[in-house]
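Okay, so here's the structure we're looking at.
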Amino acid sequence: VIDMQAQAQTSAATRGKVIASQLVETTSMYVSAAKIYPREIEGRYQRLRVIAAWVLMALFYLMPWLNLGSEQALLFDLPKRQFHVLGLNFWPQDFIFLAGILLVLAFSLFFFTALAGRLWCGYACPQTVWTEVFLALERITEGNRLQRIKLDRAPWSWDKLRRKTLKQLSWIILAAWTGISFVGFFSPIRELVPNLLRLNAGGWELFWIGFYGFATYGNAGYLREQVCKYMCPYARFQSAMFDNDTLIISYDTSRGEPRGPGKNRRVALAADKANHGSSEALGDCIDCTMCVQVCPTGIDIRDGLQIDCIACGTCIDACDRVMAKVGSPLGLIRYSTENAIAGRPSRMMRPRIIIYGALLLTILTALALGLIARKPLLVDVLRDRNALYRTLGDGTIENSYTLKITNKSADARRFVITLIAPEAIRLLGRSDAGSLSVRVAARATQAVPVTVHGDASNLGAHTRIRFAVHDRAAPETARTEESWFFAPEEHSDEH
Amino acid sequence: MKAHSTEPHAEGLSPRVIELSAILWPSFLVAGLATMVFFAFIDPHELNLISFPSVEFSRELGYSIGFFLLWLSTAAASYLTALLLRKNVLRKQVLSKGSPP
């Protein structure tokens, strides 16, 4: 009797499997060009993702409108080659900070990927976030998953035309606004938008609005998960950052298998009872395929960790709901590590986490120290390109320089230039001998021609000299730059 | 069981489109980064002065030309890589079909 029951169960399970895959495959026939219709789902990870999306979208769309005083708080002013970041002012000479920020971003990605897998992909990547937003618009205009599949299958009608037009319209408006916001980070948005309304925007601004808007429309509206699967390089080198202790979304195979649909599972349970824990019993996975239906990249997480998985957690939420409904413990699909799933202990502190973390902390500290020590004054000394020196009528040797003084502060400053050199060399000043005073406007660079005279008889062919520049009102704002004073060779021979 | 999970999506894009995306997108990212680093050091206005001083470029035009030139270069390199890999795969297939080594 037991054997027969087991047989019946096995064949039922097989039949069930065939039916299940046929069902989905029929669906796939509706899906022309294998379009993925992610099923909508609610749950804790979806709530987290929605919160993350709102925060990121708000940052992106509102940040350009935030003013600090009379200036845009975050403006990468490319035409003027100055970056304004929350009251700080960066010049091309501050490239080291940009490099530092890029390093911080890279190491953060390494660190968090090693720690918790593809957090970036699931929660923060613009591709994922904008895809979710475009999907939400699609849901509002075209309905839920089944309605969308039906709508795409249905012949053209007024209703279909209306829904499709509304969707396109909402997508295009959002994409255009995205393009405008993007350009607003580079060109003051409070001037850009009025200019656009007056049809008076610059050609390049229009071009980049169009470029970014179109990229958003195509990437979030149509390419979607294809970007992650076929185009994103990060997906390919993530394995270098993963180890057996990295948090990944995994299906608990030992608990779930052998999987089987609901009805057969009850049969199996009965068989199990009769059999006192026979190995023929089904696992907790009822093979409802919900985890596959909700997946935005259309994979089956039960096949194991895959390159296509963007770690969004939708399958966890879907599976937990099903488990709750059938009365099994939650977490058949869950955030776990390879070690934990295999029953080995997981370690959080491991060499790669410590190394990535230490590097990240070091760079962050260096950046912070650099920012604190940053002076609002830059000095470049350029020698006259045409002549090393000139000999004047009375035998005095003259060298010419151009000092480029950059005032990074938000108000005009007066700077004093002094020369630090042997006594035979002196700076030609306007007022008192030996120093020169110059006014530099706010956030501007001033080229100051400087003439230096030297007493030839006391000098070698080249002498090291230094120009010291300080803010007259704030002497601690000072910089010293080195240069050379050249004199004719024969004089050096005499001495 | 695997059938319903992978098959409906496997043929999402044609291999040509996949190849094209794999050429254009990473080269776009790298070109963007390279543009940023390049123009952090070089002022397009100065490039204008040493290249075509008779024509006046705006900095925006300079940045845009720079970006597209870099994208063209990175995409060309990616395309050649894709081409070489394609040829290699073909040769391997021919070899494995039984022609003696």
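All figures in this text were calculated on a predicted structure; none of them were measured in a lab. Chain letters run A, B, ... following the sequence lines, proteins first, then strands; residues in each count from 1.
In this structure, B:S78 contributes its side chain and B:S27 its backbone to no donor-acceptor pair below 3.5 Å. Side chain of B:N48 to backbone of B:F52: a donor-acceptor contact under 3.5 angstrom is found. A donor-acceptor pair under 3.5 Å is absent between the side-chain atoms of A:R224 and the main chain of A:T131, judged by distance alone.
For A:W208, the part lying near chain B is the side chain, with the backbone staying farther off; criterion is any non-hydrogen pair under 4.5 Å. Looking at A:F186, neither its backbone nor its side chain comes within 4.5 Å of chain B, counting heavy atoms on both sides. Proximity to chain A is limited to the side chain of B:L29, based on heavy atoms less than 4.5 angstrom apart. For A:P233, the part lying near chain B is the side chain, with the backbone staying farther off; criterion is any non-hydrogen pair under 4.5 Å. Proximity to chain B (any heavy atom under 4.5 Å) is shown, for A:L78, by both the backbone and the side chain. Only the side chain of B:L33 comes within contact range of chain A, with at least one heavy atom under 4.5 Å from a heavy atom of that chain. Contacts of A:F211 with chain B are made by side-chain atoms alone, with heavy-atom separations under 4.5 Å and no backbone atom involved.
Separation of the B:F39 and A:F76 ring centroids does not fall under the 6.0 Å cut-off. In this structure, B:F28 has its ring center under 6.0 Å from that of B:F67. The aromatic ring centres of A:Y217 and A:Y222 sit less than 6.0 Å apart.
Heavy-atom pairs under 4.5 Å with chain A were tallied for B:S64, B:A22, B:P26; the largest tally goes to B:S64. When the candidates B:H45, B:E19, B:E60, B:M36 are compared by the number of heavy-atom contacts under 4.5 Å with chain A, B:E60 comes out ahead.
More than 12 non-hydrogen atoms from other residues, nucleotides or ligands lie less than 6.0 angstrom from OH of A:Y212.
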